[in-house]
Amino acid sequence: MIPEQVVIDDKSGLMTPNTGRYRKRLSELRGLFQDAQVLEAEIRAKGDPVVYEVIEYKKGGSDLFFGTTAILPGKVNAEYYMTRGHFHKRRDMGEVYYTRNGAGILLLESPDGETNVIEMRPGTCAFIAPNWAHRSINIGAESLVFVWVCSVDAGHDYGQILRTGMRKIVVEREGKVAVLDNPSMVP
Ligand code: F6R
Ligand code: ZN
């Protein structure tokens, strides 16, 4: 393994070089948003738009890897575009999110249902403590771009959040960003 420089474009999240990337389109995020009917209408009207893209730099044998996530601006009804959200498989492993562009909310949830909200704007760095589920939400008019760094062993556990959602949702209400109780959360 040799050290290497990686160039990151803050506006788009493009990383050069990178070792992998994937996109999530609206049709792959069914069940995530409150309004399933509007989601289907948006898929038809906008040709299944990209919601977010993840680009990573991972080298075999290293303990760390890093990457970027770029969430496009958009909403499904009043609910802002967001990532799926996950715990790490290794609950003892945290992560760092360093925001480079746009405006967002990092929504965190502990296993006993405690919520924590961290503002994301260029220059802010979020410490995601171990054992907190995390989802990022783009509340602005530009792409929300952040750099993340974590252990290669951390892994993803999507199960619980895919099943039940998170306790809070982030929506536009009367022209403002509002963090509300999730009405469809099974208690
Ligand atoms: C990795 C991490 C990020 C997210 C990415 C997409 O541990 O937190 O790289 O994986 O922002 O979010 P999810 O994976 O929740 O769809
Ligand atoms: Zn993570």
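The structure presented is a predicted model; accordingly, all values stated were derived computationally and were not measured.
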Return the minimal non-hydrogen interatomic distance between Leu107 and Met166, and the atom names on each side.
O-CE, 3.5 Å
Close side-chain approach of Val76 to Leu26, heavy-atom, < 4.5 Å
yes
Nearest heavy-atom pair of Met120 and Thr99: which atoms, and what distance?
CB-OG1, 3.4 Å
Specify the closest pair of heavy atoms between Ile43 and Pro49, including all atoms of both residues, with the distance to one decimal.
CA-CD, 4.5 Å
Is any side-chain N of the basic residue among Arg30 and Glu40 closer than 4.0 Å to the acidic one's carboxylate O?
yes
Spatial distance of atom CD1 (Ile55) from atom OG (Ser12) [nearest 0.5 Å]:
7.0 Å
Search all heavy atoms of Trp148 against all heavy atoms of Thr69 and return the closest pair with its distance.
NE1-OG1, 3.2 Å
If I compare all heavy atoms of Phe87 with all of Asn131, which pair ends up nearest, and what's the gap?
CE2-O, 3.8 Å
Quick check: does any side chain N or O of Asn116 sit under 3.5 Å from a backbone N or O of Leu108, one acting as donor and the other as acceptor?
no
Is a side-chain donor or acceptor of Asn138 paired with a backbone partner of Glu142 at a separation under 3.5 angstrom?
yes
Test your reading of the model: is there a side-chain donor-acceptor pair from Arg100 to the backbone of Pro122, 3.5 Å cut-off?
no
According to a hydrophobic-cluster definition based on side-chain heavy atoms being under 4.5 Å apart (Ile, Leu, Val, Met, Phe, Trp, Tyr only), do Leu144 and Met15 belong together?
no
Pair Lys11 + Asp9, salt bridge at N-O below 4.0 Å
no
Can you tell me if Asn182 and Gln34 form a side-chain donor-acceptor pair at under 3.5 Å?
yes
Looking at Glu79 and Lys75, is any side-chain nitrogen of the basic one under 4.0 Å from a carboxylate oxygen of the acidic one?
no
Run the side chain to side chain contact (heavy atoms under 4.5 Å, CB included) check on Asn18 and Thr16 step by step: do they pass?
CA-CA 5 Å; Asn18 65 72; Thr16 315; 5.8 Å; no
For Gly155, is there any backbone N or O sitting under 3.5 Å from a side-chain donor or acceptor partner on Asp153?
no
Calculate, to the nearest 0.5 Å, the distance between atoms CZ and OH belonging to Arg25 and Tyr52 respectively.
13.5 Å
Do you reckon Phe127 sits in the same ILVMFWY cluster as Val149, going by side-chain contacts under 4.5 Å, direct or chained?
no
Does a side-chain heavy-atom distance below 4.5 Å link Tyr97 with His134?
yes
Charged N-O contact under 4.0 Å between Asp181 and Lys168
yes
What I want to find out is whether Arg21 reaches Glu56 closely enough, with some N-O distance under 4.0 Å, to be called a salt bridge.
no
With hydrophobic residues grouped by side-chain heavy-atom distances under 4.5 Å, do Ile118 and Phe146 end up in a single group?
yes
Please check if Ile71 and Val147 belong to a single hydrophobic cluster, counting links between Ile, Leu, Val, Met, Phe, Trp and Tyr side chain heavy atoms closer than 4.5 Å.
no
Would you check if there is a donor-acceptor pair between the side chains of Glu4 and Tyr57 at a distance under 3.5 Å?
yes
Nearest 0.5 angstrom please: Met82 CE to Arg135 CZ, how far?
4.5 Å
Would you please say whether a donor-acceptor pair under 3.5 Å links the side chains of His88 and His156?
no
Checking the side chain of Glu119 only, and the main-chain atoms of Ile105 only, is there a donor and an acceptor separated by less than 3.5 Å?
no
Do Ile139 and Tyr80 touch side chain to side chain, with heavy atoms closer than 4.5 Å?
yes
Test side chain to side chain contact (heavy atoms under 4.5 Å, CB included) on Thr68 and Val54; report intermediate values, then the result.
CA-CA 6 Å; Thr68 58; Val54 178; over 6 Å; no
Are Lys58 and Phe65 in a cation-pi setup, meaning NZ or CZ lies under 6.0 angstrom from the ring centre and within 45 degrees of the ring axis?
yes
State whether the side chain of Arg121 and the backbone N or O of Ala103 hold a donor-acceptor pair below 3.5 Å, judged by distance alone.
no
For Ile137 and Tyr81, what are the C-alpha separation, side-chain angles and deciding distance, and is it a side chain to side chain contact (heavy atoms under 4.5 Å, CB included)?
CA-CA 6 Å; Ile137 298 138; Tyr81 278 7; over 6 Å; no
Least distance between heavy atoms, Ala70 atom then Val145 atom:
CB-CG2, 4.0 Å
